[in-house]
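Contents: one structure, followed by commentary.
Keep in mind it's a predicted model, so treat the numbers as computed, not measured. A, B, ... follow the sequence lines: proteins, then strands. Residue 1 opens every chain.
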Amino acid sequence: MASVSTQPQFRYTQPPSKVLHLRNLPWECTEEELIELGKPFGKVVNTKCNVGANRNQAFIEFQDLNQAIAMISYYASSSEPAQVRGKTVYLQYSNRQEIVNNKTAADVAGNVLLVTIEGADARLVSIDVLHLVFSAFGFVHKITTFEKTAGFQALVQFSDAEIATAAKEALDGRSIPRYLLPEHLGPCTLRITYSGHSDLSVKFQSHRSRDYTNPYLPVAQSAMEGSGQAMVGLDGKRLESESNVLLASIENMQYAVTLDVLHTVFSAFGPVLKIAMFDKNGGLQALIQYPDVQTAVVAKDTLEGHCIYDGGFCKLHISYSRHTDLSIKVNNDRSRDYTIPNIPVVNAQPSILGQQPVSNPMMGPPAQQYNGARFPPPISEQAMMPQSQGGWGTAPPVAPQSMPMQVHNNVYMPPPGTMPPPGTMPPQMGPGMPYPPSHSTPQPAQTFSTYGPDRSQ
DNA sequence: AGCACA
């Protein structure tokens with residue numbers, strides 16, 4: 001047989017291998033389906049699914065070469081082609097002798113998820129928000145967060161791999177809904193794989209780690225301060241540095257919040273030097289300048305999450321601004337420099353100089369500063385009266401149900417079609433209010449609509 | 001319908 005090498009080899013022959021190459025498989029073909037297909041011919045010792053750009057190829061590895069030959073031979077002469085879900089699959093010997101499975105822990109389903117939070121403000125996502133997000137799929141046992149070269153990451157422990165898988169399938173590649181994040185944060189996208197861990201070790205309740213199964217776990221010192229937002233990094237440093245200027249955003253703004261109202265509320269903690277109000281993301285925000293950081297810290301810690309008006313109206317969310325001195329060009333109904341009484345005042349409000357003694361917040365603000373008659377409800381006492389013993393950081397023991405936002409679990413489980421896409425939610429529809437409590441059975445498919453960008457982003 | 005990973 002001369003010149004074999006010069007003749008083109010018959011295209012359909014491959015040297016035999018106990019590994020078979022399958023193509024034209026249906027979408028998301030499973031290992032079980034491959035095993036079913038190969039089982040009549042021998043023992044399938046390994047498979048690899050979803051191979052190739054279209055993820056419609058696969059490999060089957062038999063224990064013995066003879067078994068692979070038997071399968072190829074059978075279908076070579078069979079009138080019925082090999083099929084999976086009624087779709088013809090094409091078989092040939094693989095050009096490799098064994099399947100190389102690069103299965104890492106990330107591919108093996110487990111009860112602990114490794115979550116990478118992507119985005120410029122990823123590290124500002126609080127553990128409470130993560131807890132809320134993942135609680136939609138089942139009881140979250142523990143969460144740890146840490147910083148790696150991959151960025152800000154979290155390990156989220158569920159009771160079993162099924163729940164973890166449901167959460168992974170629903171959330172991987174999705175963005176945390178905007179309305180769960182402080183308004184000044186940019187988009188935060190979740191990338192999720194399985195972790196090799198099965199039980200996380202959480203020594204303290206802190207801003208970096210939580211054990212929701214053990215409310216009696218000691219609270220780390222680093223968690224005592226701050227408001228519950230992620231402000232403490234791996235090294236215990238504050239990530240959002242304190243400032244004498246606060247950024248307040250107002251949720252559920254059913255009633256007008258004016259400059260005077262803000263001035264009254266924030267003056268309870270010390271002299272307010274300047275206020276600038278502006279609209280952002282469809283809501284009202286304000287910058288409030290105090291003379292010093294300490295006053296701002298007290299005001300922030302006291303007012304965060306409180307409502308200006310009783311009944312859950314005009315809920316305050318407060319963070320530190322990067323500003324240290326506001327530039328107020330004109331005194332009007334949106335901005336005021338209380339330190340300069342003689343710059344133009346558009347609506348002729350009396351200026352209040354910032355030199356009054358610091359009020360004790362427990363006493364509420366000086367009454368004469370507030371013309372409350374113009375507003376439908378009186379300003380909530382809760383906004384004025386700091387609950388210094390409140391929150392989970394101080395009182396023993398730390399009960400999970402007292403953790404911030406725990407009550408909002410239900411936002412991830414809306415009835416079908418009832419959840420407006422992020423950004424379209426009217427401001428009065430705060431998380432948690434309009435929806436019934438969590439379903440006991442996770443329905444991750446329905447949560448898709450609550451997440452922002454498509455996976456392709 | 002045509003050979004994997006990173």
Between [atom2] on [N] and [atom1] on [X], what's the gap in Å once rounded to a whole number?
| X | N | atom1 | atom2 | result |
| --- | --- | --- | --- | --- |
| A:K48 | B:dA6 | NZ | C1' | 12 Å |
| A:Y93 | B:dA1 | OH | C1' | 19 Å |
| A:L25 | B:dC3 | CG | P | 13 Å |
| A:D107 | B:dA4 | CG | P | 17 Å |
| A:I60 | B:dC3 | CD1 | C1' | 14 Å |
| A:H21 | B:dC3 | NE2 | P | 6 Å |
| A:L34 | B:dA4 | CG | P | 16 Å |
| A:F59 | B:dA1 | CZ | C1' | 13 Å |

Of the options [options], whose atoms approach the side-chain atoms of [X] most closely?
| X | options | answer |
| --- | --- | --- |
| A:R96 | B:dC5, B:dA1, B:dG2 | B:dC5 |
| A:I99 | B:dA4, B:dA1, B:dC5 | B:dA4 |
| A:N102 | B:dC5, B:dA4, B:dA1 | B:dC5 |

Which residue is it: A:H306, A:H184, A:E251, A:Q285? I am looking for the one with a side-chain hydrogen bond (donor to acceptor under 3.5 Å, both in side chains) to A:H317. A:E251
Which atom pair, heavy atoms only, marks the closest approach of A:K142 to A:D211? CE-OD2, 3.4 Å
Does A:E98 reach a base, just sugar-phosphate, or nothing at all? Heavy atoms under 4.0 Å. base
Base, sugar-phosphate, or nothing: which does A:V51 touch, judged by heavy atoms less than 4.0 Å apart? sugar-phosphate
On DNA chain B, does the nearest nucleotide to A:Y90 precede the nearest nucleotide to A:Q97 from the 5' side, or the other way round? Give the residue. A:Y90
Could you say whether A:V19 or A:N24 is positioned toward the 5' end of DNA chain B, judged by the nucleotide with the nearest heavy atom to each? A:N24
A:R178 vs A:E183, salt bridge (Lys or Arg N to Asp or Glu O under 4.0 Å): CA-CA, chis, key distance, verdict: CA-CA 7 Å; A:R178 307 252 1 157; A:E183 291 186 25; over 6 Å; no
So, is A:Q57 close to the B:dG2 phosphate, meaning a side-chain N or O under 4.0 Å from OP1 or OP2? yes
Geometric class of the A:Y255/A:Y309 ring pair [parallel <30°, tilted 30-60°, perpendicular >60°]: perpendicular
Any A:K280 side-chain heavy atom under 4.5 Å of A:F278 side chain: yes
